[in-house]
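Note that the structure is predicted; figures quoted are calculated from it, not measured. Computation of the quantities below employed the complete heavy-atom set of this structure, encompassing side-chain atoms and omitting hydrogens, waters and symmetry-equivalent molecules.
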Amino acid sequence: MALKIFSPAKINLFLHITGKRPDGYHDLQSVFRALDFGDWLSFDLADTNSPLVTLTGAEGLTENLDQNLIVKAVTLLANHFPNHAKPLVIDLQKRIPTGAGLGGGSSNCAMTLIALNQLWALDLSLQALIDFGQQLGADVPFFIFSHFHQQDAIVCGIGEILTPLKLPSARYLLLFPQAHLSTAQFFAHPDLQKNCLPISDIGSHYDDYGDAMTDTFINVFEPIAVMHSPAVASALDYLKSLQASTGTTARLTGTGSTVFLPIPDGTDEAVLKQWLTDAPCPAAIAQNLY
C-alpha cells in the first residue's frame with residue numbers, strides 16, 4: 001500500500017512573545033497560514049525483514065538521518081505501538097528550504113504521523129496525533145490541526161493552543177535569503193521583545209495584520225534577523241521597495257530567514273514575473289492552501 005501526501009510550508013502573519021513561562025519556554029501569539037508551496041512525501045510498506053525506516057531525499061538536511069523529524073516520528077510511533085509497526089520506505093521531495101521559518105521539518109514530521117496513522121491502522125484521534133506531534137516540535141501540532149480542519153489557525157502558548165481560522169484568500173511573494181538563522185540564539189538575544197500585550201479576538205483583526213500591518217502587529221524576531229543577516233536585510237529591503245505598488249507590508253516569517261509580501265488581487269502576471277526576476281535571492285509565489 002503506497003501513500004503520497006503534500007507537506008505544506010507555513011507563514012506567520014505576525015509573531016508576538018507575550019511572556020516567559022516558569023519552565024523557561026515563551027508564550028507566543030501568532031496566526032499561522034498553510035501555503036500551496038511545499039514538499040511531497042511518499043510512503044511504501046517494505047518487506048518485513050527490512051529496516052524500520054528507509055528515508056531517501058533527506059540526505060544532508062541533518063548531520064545524520066536519525067536526527068530527521070520524519071525518522072523521529074516513525075520511531076516514536078513504533079515505540080508506542082510495536083505490534084502495529086511495519087517497515088517503511090519513505091521518499092522526500094524537498095522544496096521548502098531548511099532554517100527558513102517555513103516549518104518544513106515540522107510539516108514533514110506532521111504528515112509522517114498522519115500517514116502512519118493510516119498505513120499502520122493505528123486509529124489515533126486528532127488530539128492523540130497532536131500530543132505525539134508536540135513531543136517532536138512546537139510547530140508540528142499546527143500542521144496536523146490544519147490538515148484535519150482544512151483551515152489556518154490562531155496559535156498561542158508554545159504552539160499547542162490552536163484555534164481554527166478561516167482567512168480571505170491571498171497570494172504571497174516569498175524570498176529565500178541564503179541564511180540559516182539560529183532560533184535558540186534569537187530567543188536568547190538581549191534585544192528580543194518579550195512583553196507584547198496579548199490581543200483578544202485576533203480573528204476579527206485580520207485587516208490589521210493580513211495585508212498591511214498596523215503598529216500593533218509585528219514579528220518580534222524581524223529586527224534581530226535584519227541586524228544579524230545582511231542577506232535577510234537585503235531581501236526585506238527589496239520587498240519594501242515594492243510596498244508602494246502593492247499597498248501591503250513586507251515581513252519576516254517565524255524565526256527563520258524567509259521574508260514575504262502579500263500580493264493584491266489583480267496584480268498583472270508580467271509584473272509578478274518581473275518581481276521574481278529582480279529578486280536578490282531565490283523567490284517563489286505561493287497562495288494560501290486552505
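Residues Val53 and Leu119 share a single hydrophobic cluster, defined by chaining ILVMFWY side chains whose heavy atoms lie under 4.5 Å apart. In the hydrophobic clustering of this structure, Leu69 groups with Trp120; members are Ile, Leu, Val, Met, Phe, Trp, Tyr whose side-chain heavy atoms approach within less than 4.5 Å, directly or through other members. Grouping the Ile, Leu, Val, Met, Phe, Trp and Tyr side chains by contacts below 4.5 angstrom, directly or via other members, places Leu289 apart from Tyr172. Follow the hydrophobic side-chain contacts under 4.5 Å out from Leu13 and you never reach Leu252; the two are in separate clusters. Linking Ile, Leu, Val, Met, Phe, Trp and Tyr residues whenever their side-chain heavy atoms come within less than 4.5 Å leaves Val31 and Leu28 in two separate clusters.
Contact detail for Leu175 and Pro280: the closest heavy-atom pair is CD2-CD, 3.8 Å. Annotation for Gly210 and Pro262: closest pair O-CG, 3.6 Å, computed over non-hydrogen atoms. In terms of heavy-atom proximity, Arg251 sits nearest to Tyr209 at NH1-O, 2.6 Å. Listed here is the closest heavy atom pair of Leu165 and Gly203: CD1-CA, 3.7 Å. Here the shortest heavy-atom pairing between Gly159 and Pro141 reads O-CB, 4.1 Å. When every heavy atom of Leu102 is checked against every heavy atom of Phe143, the shortest pair comes out as O-CZ, 4.0 Å.
Within 6.0 Å of the NZ atom in Lys273, the count of heavy atoms belonging to other residues, nucleotides or ligands does not exceed 12. The environment of CD in Gln185 is sparse: at most 12 heavy-atom neighbours from other residues, nucleotides or ligands sit within 6.0 Å. By the neighbour-count criterion of 12 heavy atoms within 6.0 Å, atom NZ of Lys86 is sparsely surrounded, having that number or fewer from other residues, nucleotides or ligands. The local environment of CG in Asp265 is sparse, with at most 12 non-hydrogen atoms from other residues, nucleotides or ligands closer than 6.0 Å. Heavy-atom neighbours of Phe6 CZ from other residues, nucleotides or ligands within 6.0 Å: above the threshold of 12. The neighbour count for Asn64 CG, taken as heavy atoms of other residues, nucleotides or ligands under 6.0 Å away, is above 12. The environment of Asp215 atom CG is sparse: at most 12 non-hydrogen atoms of other residues, nucleotides or ligands sit within 6.0 angstrom.
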Side chain to side chain contact (heavy atoms under 4.5 Å, CB included), that's the test. Do Ile224 and Leu192 meet it? Break it down for me.
CA-CA 7 Å; Ile224 299 166; Leu192 179 64; 3.7 Å; yes
Under the side chain to side chain contact (heavy atoms under 4.5 Å, CB included) criterion, do Asn68 and Asn108 qualify, and how do the steps go?
CA-CA 9 Å; Asn68 190 288; Asn108 295 164; 5.5 Å; no
Applying side chain to side chain contact (heavy atoms under 4.5 Å, CB included), run through Gln243 and Thr249 and close with a yes or a no.
CA-CA 6 Å; Gln243 288 180 167; Thr249 305; 4.0 Å; yes
Between Leu116 and Phe132, is a side chain to side chain contact (heavy atoms under 4.5 Å, CB included) present by the stated rule, with each step listed?
CA-CA 12 Å; Leu116 265 57; Phe132 280 117; over 6 Å; no
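Side chain of Asn288 to main chain of Ala170: a donor-acceptor pair is present (N/O by atom type, distance under 3.5 Å, no hydrogens or angles). For Thr253 (side chain) and Val259 (main-chain N/O), no donor-acceptor pair under 3.5 Å exists by modelled atom type. Between the Asn219 side chain and the Gly254 main chain, a donor and an acceptor come within less than 3.5 Å of each other.
The aromatic rings of His84 and Phe81 sit perpendicular, their planes meeting at an angle over 60°, well past the 30° parallel limit.
In this structure, the separation between CD1 on Ile70 and OG1 on Thr112 is 4.5 Å, given to the nearest 0.5 Å. In this structure, the separation between CG on Asp139 and OG on Ser107 is 10.0 Å, given to the nearest 0.5 Å. In this structure, CG on Asp39 lies 12.0 Å from CD1 on Ile5, to the nearest 0.5 angstrom. Distance NZ/Lys10 to CZ/Arg33: 14.0 Å, rounded to 0.5 Å. From Leu173, atom CG reaches atom CG of Leu242 across 7.0 Å, with rounding to the nearest 0.5 Å. In this structure, CG on Leu122 lies 5.0 Å from CG on Asn117, to the nearest 0.5 angstrom.
For Phe145 and Phe148, the ring centers are positioned 6.0 Å apart or more. Separation of the Phe37 and Phe176 ring centroids falls under the 6.0 Å cut-off.
Side-chain contact check for Gln178 versus Pro282: some heavy-atom pair is nearer than 4.5 Å.
For the 3.5 Å distance criterion, the side chains of Gln127 and Asp131 qualify, holding a donor opposite an acceptor. No hydrogens or angles considered: nothing links the side chains of Thr18 and Asp27 as a donor-acceptor pair under 3.5 Å.
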